Number of protein chains: 2
Amino acid sequence: MSQTVDRALSILPLLAQGPADLGQVAERLGVHKSTALRLLRTLHEHGLVYRQQDQRYRLGARLFALAQEAVENLDVREIAHPHLVELNQNCGHTVHLAVYEENEVLYIDKVESRYPVRMYSRIGKPVAITVAAVAKLLLADLSEAERRSVADKLDYPMYTPRSTPGAAAFLKELAAVREQGWATDLGGHEESINCVGAPIRGADGRVVAAMSVSAPNVVVTAEELLTLLPLVRRTADTISREYSGSNRPKKV
Amino acid sequence: MSQTVDRALSILPLLAQGPADLGQVAERLGVHKSTALRLLRTLHEHGLVYRQQDQRYRLGARLFALAQEAVENLDVREIAHPHLVELNQNCGHTVHLAVYEENEVLYIDKVESRYPVRMYSRIGKPVAITVAAVAKLLLADLSEAERRSVADKLDYPMYTPRSTPGAAAFLKELAAVREQGWATDLGGHEESINCVGAPIRGADGRVVAAMSVSAPNVVVTAEELLTLLPLVRRTADTISREYSGSNRPKKV
DNA sequence: AATGGGTGTTGCACATGTTGCAATCACATC
DNA sequence: GATGTGATTGCAACATGTGCAACACCCATT
């Protein structure tokens with residue numbers, strides 16, 4: 001909508017891939033060097049872009065600070081956190097909290113497993129959307145049309161033989177999740193890791209976030225993990241109630 | 001330098017404080033509503049801004065993803081990480097890695113304490129710059145003029161009675177740190193928490209990052225923590241060597 | 001139903017801010 | 001000291017962004 005801003009913002013994902021010098025930025029942006037320079041300067045003044053000693057540009061510090069402030073202002077996260085910790089203390093496994101936003105699902109909180117074997121994930125990192133239990137929960141709550149539209153847009157990487165193979169299978173899985181009110185990921189992302197998850201709902205019943213417990217096979221089998229389901233659901237419901245109470249919908 | 005981009009970017013910190021509606025954004029930006037709308041739309045298209053159900057805007061998901069990608073591409077971080085983990089396994093305490101950038105010091109990596117009592121901190125969060133050991137290390141390496149300039153610009157909040165009280169004291173401390181090649185924070189940020197830190201240097205000898213070990217009084221006394229200093233310094237030196245090797249300076 | 005205040009949104013004429021060029025500078029390397 | 005690469009600046013042309021005013025919309029009142 002605004003050409004200049006559009007160009008400037010296009011620089012960010014470009015630099016996210018690694019540092020680049022003025023010429024590279026200009027070329028990949030399709031503009032004259034002088035134009036790129038001015039845009040970079042503006043980004044620099046706002047701290048979103050940093051200039052290293054060798055003159056190349058990379059993403060700057062304020063970006064982290066912003067992302068940090070943003071995530072800390074999310075109501076759900078704040079309310080959920082103590083409950084996630086408690087759950088972690090009860091079962092010892094890694095606990096995740098995730099939200100859906102514009103075709104992406106991302107972790108906004110995490111409590112690390114107390115076992116030495118941990119799974120890799122990081123707050124802010126986009127979730128493997130086609131297989132993760134939290135992703136299924138969040139997408140399952142969308143309208144029929146939205147689910148279809150999102151499912152069509154996605155890629156279906158076969159992380160493991162048990163990954164969701166395509167849109168049809170995914171939609172079927174979402175329907176099942178919607179029906180039963182909880183979700184699993186049994187080795188769909190990494191062969192040896194299983195998850196059980198449950199949705200967190202706002203006062204209007206819509207899913208605002210999803211949480212899950214993950215553990216590797218070497219610690220507990222999938223069956224054992226499933227016995228935690230009631231506990232996970234209870235925790236999610238507690239958070240839902242607390243969230244609904246403090247956050248009465250202003251509209252709708 | 002670019003008015004439009006400048007205005008658009010000014011929206012981000014504004015939204016970081018909490019969601020705002022179109023009118024508020026326009027007012028705080030000092031522009032017409034229609035202008036603010038177009039800027040917000042552009043930010044929205046790039047995923048930096050999200051529109052919630054009640055029409056208000058808040059920071060968007062892509063911001064996290066960007067910050068995430070950026071931090072993962074930092075060379076020092078990648079090289080340092082395994083060493084930080086090893087150090088953590090040897091001593092059990094929380095280990096931090098931080099860099100300096102444009103008047104800010106921020107954590108770029110962290111390995112959690114294995115003790116139940118943990119200190120609060122988070123990757124991406126700006127460090128308490130006047131008291132943290134890592135901040136002292138990073139600032140101590142700046143030129144005399146830069147140190148003076150930064151020291152003057154800072155605030156000196158008295159987190160505890162042992163916080164650095166002002167610019168003069170801070171500069172003196174920096175000189176000492178520069179001299180001795182390591183730094184501490186003994187209860188300067190939180191009464192009961194102590195840190196010891198050491199610098200990580202590039203091939204040209206300049207400090208590129210700093211690391212520290214932190215532990216609360218209840219776990220180890222300050223004296224006991226100081227006995228870890230040789231280990232911390234050794235780890236920092238190892239990282240420095242590895243970093244210098246893989247990262248020969250292109251210029252200067 | 002009708003009214004009114006509060007939003008967010010669109011179309012448009014004007015001029016401001018942005019663009020690309022070409023020239024210049026900074027700084028290596030040969 | 002010449003040569004090449006990349007960053008930077010000044011400037012004139014004009015594409016872009018701007019504010020205005022009108023409109024659409026939602027909700028609360030009467």
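Every chain is numbered from 1 and lettered A, B, ... according to where its sequence line falls, protein lines coming before strand lines. What's counted below: heavy atoms across the whole structure, side chains too, no hydrogens, waters or symmetry copies. The structure displayed is predicted, hence computed values, not measured ones.
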Side-chain atoms of residues 33-41 of chain A: list all donor-acceptor pairs with protein atoms under 3.5 Å, sequence neighbours left out, distances to 0.1 Å.
unit_1	atom_1	unit_2	atom_2	d
A:Ser34	OG	A:His32	ND1	3.0

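Listed by chain and number, the residues in a side chain to side chain contact (heavy atoms under 4.5 Å, CB included) with B:Pro82 amount to none (sequence neighbours excluded). Under the rule for a side chain to side chain contact (heavy atoms under 4.5 Å, CB included), the partners of A:Asn103 that lie at least two apart in sequence or sit in another chain are A:Tyr100, A:Val150, A:Lys153. Not counting sequence neighbours, the partners of B:Arg148 by the salt bridge (Lys or Arg N to Asp or Glu O under 4.0 Å) test are B:Glu144.
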Atom pairs under 3.5 Å, N or O on each side, protein against nucleotides 17-20 of chain C: can you list them with distances?
unit_1	atom_1	unit_2	atom_2	d
C:dG17	OP1	B:Gln3	NE2	3.0
C:dT18	OP1	B:Ser2	OG	3.1
C:dT18	OP1	B:Gln3	N	3.1
C:dT18	OP1	B:Thr4	N	2.7
C:dT18	OP1	B:Thr4	OG1	2.6
C:dT18	OP2	B:Gln3	N	3.1
C:dT19	OP1	A:Arg7	NH1	3.0
C:dG20	OP2	A:His32	N	3.3
C:dG20	OP2	A:Thr35	OG1	2.6
C:dG20	N7	A:Ser34	OG	3.1

If you restrict it to nitrogen or oxygen atoms, what contacts under 3.5 Å exist between nucleotides 6-8 of chain C and the protein, and what is each distance?
unit_1	atom_1	unit_2	atom_2	d
C:dG8	OP1	B:Leu22	N	3.3
C:dG8	OP2	B:Gly23	N	3.4
C:dG8	N7	B:Lys33	NZ	3.1

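Heavy-atom minimum distance, B:Val208 versus B:Gly202: CG1-N, 3.9 Å.
Using a 30° and 60° split on the angle between ring planes, A:Phe170 and A:Tyr156 fall in the perpendicular class, above 60°.
For B:Gln52, the CD atom counts as densely surrounded, since its 6.0 Å shell holds more than 12 non-hydrogen atoms of other residues, nucleotides or ligands.
Between the side chain of B:Ser212 and the main chain of B:Gly197, no donor-acceptor pair closer than 3.5 Å is present.
Nucleotide D:dA7 holds its C1' atom 16 Å from the CD atom of A:Glu27, rounded to whole Å.
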